[in-house]
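Report on one structure; see the data block that follows.
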Protein chains: 4
Amino acid sequence: MSSDNILDRMMASAKLSKKETAKQQRILQSAIALFAEKGYANTSTSEIAKRSGVAEGTIFRHYGTKENLLLAVIVPFLKESLPVMAQEVFEEVHPEKQAGFEHFLRAMFLNRLRFFRENKEIFRVVVKEFVYRDELRNELMPHINRDIVVYMFRAIDYFKAKGDLPELSNERLLKLVFPFVFGRFVLRFVLASEEPPGSDEEEADFVVGFIMRGIGGLRS
Amino acid sequence: MSSDNILDRMMASAKLSKKETAKQQRILQSAIALFAEKGYANTSTSEIAKRSGVAEGTIFRHYGTKENLLLAVIVPFLKESLPVMAQEVFEEVHPEKQAGFEHFLRAMFLNRLRFFRENKEIFRVVVKEFVYRDELRNELMPHINRDIVVYMFRAIDYFKAKGDLPELSNERLLKLVFPFVFGRFVLRFVLASEEPPGSDEEEADFVVGFIMRGIGGLRS
Amino acid sequence: MSSDNILDRMMASAKLSKKETAKQQRILQSAIALFAEKGYANTSTSEIAKRSGVAEGTIFRHYGTKENLLLAVIVPFLKESLPVMAQEVFEEVHPEKQAGFEHFLRAMFLNRLRFFRENKEIFRVVVKEFVYRDELRNELMPHINRDIVVYMFRAIDYFKAKGDLPELSNERLLKLVFPFVFGRFVLRFVLASEEPPGSDEEEADFVVGFIMRGIGGLRS
Amino acid sequence: MSSDNILDRMMASAKLSKKETAKQQRILQSAIALFAEKGYANTSTSEIAKRSGVAEGTIFRHYGTKENLLLAVIVPFLKESLPVMAQEVFEEVHPEKQAGFEHFLRAMFLNRLRFFRENKEIFRVVVKEFVYRDELRNELMPHINRDIVVYMFRAIDYFKAKGDLPELSNERLLKLVFPFVFGRFVLRFVLASEEPPGSDEEEADFVVGFIMRGIGGLRS
DNA sequence: CATGAATGAGCATTCATTCAT
DNA sequence: TATGAATGAATGCTCATTCAT
């Protein structure tokens with residue numbers, strides 16, 4: 001009896017999409033490309049159909065609603081982005097064996113940089129709609145926060161215990177670092193027309209260095 | 001056959017808007033409120049007319065196009081935001097008499113924080129449409145960049161000459177600091193439903209401190 | 001705070017239709033003709049628009065919904081049919097000065113026969129939709145019953161007091177006579193393609209005679 | 001090139017329906033229930049398929065058209081209703097051995113009352129579509145008339161010869177009695193949400209008594 | 001025989017824009 | 001100058017029907 005109807009619909013529709021036919025794939029690809037370029041509100045279902053080489057009715061047979069099609073694009077991406085965003089990295093990186101928070105941060109930054117690059121178009125869709133539509137944001141934000149926060153707090157606590165991090169409150173630390181990093185991803189993959197020069201590793205060094213120095217003198 | 005037809009129209013219409021009638025004021029206010037809330041694409045001109053207590057035809061008599069109405073909202077804001085963003089602050093702050101870059105940054109941060117808070121709704125409209133519509137961004141971005149860059153480089157050069165800043169390339173410095181600060185504004189005024197606690201000065205100290213430490217060790 | 005939302009909408013929309021423009025008249029006429037012929041469900045708004053010589057959008061500007069257009073057809077007819085159906089006749093007929101119930105019945109029969117003939121097409125629409133759509137019937141029936149019953153009971157009581165009618169319960173009497181008469185109207189104006197021969201007066205004599213003899217021997 | 005193409009199709013399809021598979025039975029049942037409730041026009045084939053637990057294609061494999069499915073519902077009912085309506089009753093009732101027309105009428109009324117109650121849902125479908133769709137009515141009416149008229153006239157003539165009936169024209173007598181009785185069935189099974197109280201025999205006495213007294217004084 | 005994915009014409013409705021008053 | 005009725009193209013969506021498997 002929880003309040004998350006969007007999330008519920010997300011899960012429901014996600015379950016149905018076990019085997020995607022070739023046509024569904026094409027529909028999704030076209031939708032992603034068009035939503036990414038012009039935004040959901042400025043894309044018509046007939047455009048999507050034309051680009052997919054599919055009848056317009058076919059879209060509705062599979063997704064029922066234009067809104068549902070958007071969810072079919074966003075949801076799997078979000079479900080792979082959110083918990084994973086820290087969990088997977090956390091494990092992959094074997095924090096115990098890491099030199100410290102700096103290494104963890106660097107690994108995570110590189111991991112997400114590549115993930116978002118790999119899914120650049122969906123990332124665009126998600127960011128655009130997330131900024132554009134207050135209700136979507138209001139409904140999703142709590143869940144997103146929770147999923148990220150849980151895992152990140154675990155990591156932060158671990159490194160605090162190791163004496164690797166200043167005694168800043170977890171929340172403040174996260175609200176400082178996360179938007180900074182995420183903002184750079186948005187800039188790079190959503191707003192910029194092309195990626196800036198320089199290797200991923202250089203970028204990682206630059207960003208992580210900035211953050212580490214920046215939080216160096218912090219007290220809560 | 002110049003490339004900036006939007007900008008041209010922007011400037012032209014901006015000049016015309018010297019004397020706005022009461023009705024135009026009401027139209028603009030309603031448009032801003034609705035665009036901010038639901039986005040340009042999801043707002044109908046009839047809604048704007050109803051909220052303004054004005055006939056729908058009146059909107060078109062004044063602005064000709066819905067798109068033009070959007071520009072009439074965005075342009076003046078942009079024109080007051082951009083060059084001023086550095087120039088005015090630069091002067092207001094009397095850099096020569098300042099202790100250094102840190103003071104300049106702090107003053108500028110506070111100045112814009114208050115300006116965007118004062119114009120929160122228009123800020124929302126601009127950010128939303130800027131993120132949502134690639135063509136708008138592509139056409140405006142160069143002008144925005146130019147206006148900001150010119151003034152900011154002047155300031156950066158001044159403080160570099162004073163030995164107040166590391167020998168990082170102007171561009172890299174700007175691309176580090178500007179998105180960081182601007183991202184926090186977006187988070188606070190566009191994405192969050194309410195402003196976080198804490199005084200403006202505390203926030204300024206926090207942000208400026210982080211940046212100053214962060215850029216402390218940089219080399220280009 | 002009563003439950004009659006259809007009736008409420010009926011009244012609301014009826015109030016708005018104070019001055020009907022020429023175009024609204026044409027739209028209504030076309031809608032009536034088409035609804036009468038093919039039924040509401042089998043008539044498209046584009047058909048109505050074409051027949052009215054009006055753009056499809058114009059229909060929605062005036063009536064908002066196809067359903068509302070149906071109500072705009074039905075409601076005024078119902079409002080003029082129902083209470084009047086007995087009240088007006090009751091007065092027009094001056095029951096005190098009539099020879100008795102037989103005269104009253106005859107006057108009423110003729111009055112309604114002519115009214116329905118005059119509004120044959122709307123009558124068709126109302127009957128068809130009333131039979132076809134359970135929810136419409138369920139929502140309207142109580143109100144219709146009330147309006148008719150109140151006035152008819154008054155008349156019946158009056159004639160009972162005069163000794164003109166057997167001591168059958170009002171309800172049973174009404175449920176015998178009303179469907180019989182109304183059924184003949186439906187047959188004549190809705191189901192038959194053309195009216196049967198014979199003058200109205202002959203038909204009235206026939207029907208009233210049948211009823212009077214039929215109820216002659218009744219006991220409750 | 002005869003005029004009764006619907007009837008032809010009716011007969012043809014009726015012959016084919018000798019052996020109905022279980023699936024066809026389920027399809028027909030679902031169609032009847034849905035048509036009865038919401039009307040043919042407001043029922044989709046996919047709804048019928050879902051309710052039948054059958055693929056949508058299966059419906060079209062068996063009936064070819066949605067319209068044909070409707071006929072497959074209506075036709076057998078009509079074929080059992082019409083001639084039987086008088087013939088079977090006529091025989092079952094052994095008119096020769098009856099006390100007279102009153103008994104015949106009473107037996108017939110009871111017979112049909114029970115038949116329509118038994119097939120209430122199909123009766124609803126038939127009445128609704130018959131009222132709603134002029135072309136269906138126009139095509140079927142002559143045949144219905146013929147089937148009923150032939151048998152009824154035979155009965156009427158018989159009772160006239162016995163001196164049991166006034167010398168009213170057969171047609172006028174039928175057009176008086178038939179709609180009256182049929183109208184009560186429609187009221188009871190189609191329009192009312194539940195049947196009125198009272199036993200079938202009481203109702204029969206009431207109706208037949210009314211008719212007998214009513215036609216008592218008739219002259220053509 | 002049965003399926004259900006695919007179709008595409010058709011539908012009610014919306015909305016930016018025009019124009020006579 | 002302001003109005004608001006009128007427009008018609010475009011939109012999201014439905015649904016009877018087809019057909020390859």
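Naming: A, B, ... by sequence-line order, numbering from 1 per chain.
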Problem set entry | Side chains of B:Tyr63 and B:Ile27 in contact at under 4.5 Å (non-hydrogen atoms) |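 Of all side-chain heavy-atom pairs linking B:Ile27 with B:Tyr63, at least one is under 4.5 Å.
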Minimum-distance nucleotide to [X] side chain [options: [options]]:
| X | options | value |
| --- | --- | --- |
| A:Phe60 | F:dG12, F:dA16, E:dC1 | F:dG12 |
| B:Ser44 | E:dC15, E:dT3, E:dA5 | E:dC15 |
| A:His62 | E:dA6, E:dA12, F:dT3 | E:dA6 |
| A:Ser46 | F:dG4, F:dT11, F:dT17 | F:dT11 |
| C:Lys23 | F:dA6, E:dT17, E:dG4 | F:dA6 |
| D:Ala55 | E:dG8, F:dT7, E:dG4 | E:dG4 |

[X] [atom1] to [N] [atom2]: how many Å, rounded?
| X | N | atom1 | atom2 | answer |
| --- | --- | --- | --- | --- |
| D:Ile48 | E:dG4 | CD1 | P | 17 Å |
| A:Lys50 | E:dT7 | NZ | P | 15 Å |
| A:Leu34 | F:dT11 | CG | P | 12 Å |
| A:Tyr63 | F:dG12 | OH | P | 16 Å |
| C:Lys66 | E:dA12 | NZ | C1' | 8 Å |
| B:Glu67 | E:dC15 | CD | P | 17 Å |
| C:Asn68 | E:dT14 | CG | P | 11 Å |
| C:Leu70 | E:dT13 | CG | P | 12 Å |

Exercise. How is D:Thr45 classified with respect to the nucleic acid when contacts are heavy atoms under 4.0 Å: base, sugar-phosphate, or nothing?
Worked result: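 Base contact.
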Exercise. For B:Lys128 and B:Glu37, which heavy atoms make the closest approach, and how far apart are they?
Worked result: NZ-O, 3.5 Å
Problem set entry | Phosphate OP1/OP2 of E:dA2 contacted by D:Arg61 side-chain N/O (<4.0 Å) |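 The answer is no; no side-chain N or O of D:Arg61 sits under 4.0 Å from OP1 or OP2.
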For this session: Could you say whether A:Glu56 or D:Thr58 is positioned toward the 5' end of DNA chain E, judged by the nucleotide with the nearest heavy atom to each?
Result: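 Of the two residues, D:Thr58 wins.
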For this session: Using heavy atoms to find the nearest nucleotide of DNA chain E for A:Gly57 and C:Gly64 separately, return the residue whose nucleotide is more 5′.
Result: A:Gly57
Exercise. Distance between the C1' atoms of E:dC1 and F:dT21, in whole angstroms?
Worked result: 12 Å
Problem set entry | Assigned partner base of F:dA20, Watson-Crick or wobble definition, under 3.5 Å | E:dT3
Problem set entry | Side chain A:Thr65, main chain A:Asn68, donor-acceptor under 3.5 Å | no
Exercise. Any donor and acceptor pair, going by atom type alone, linking the side chain of C:Tyr132 with main-chain N or O of D:Ala41 inside 3.5 Å?
Worked result: yes
Exercise. Cation over ring, B:Lys66 on B:Tyr40, under 6.0 Å and within 45°?
Worked result: yes
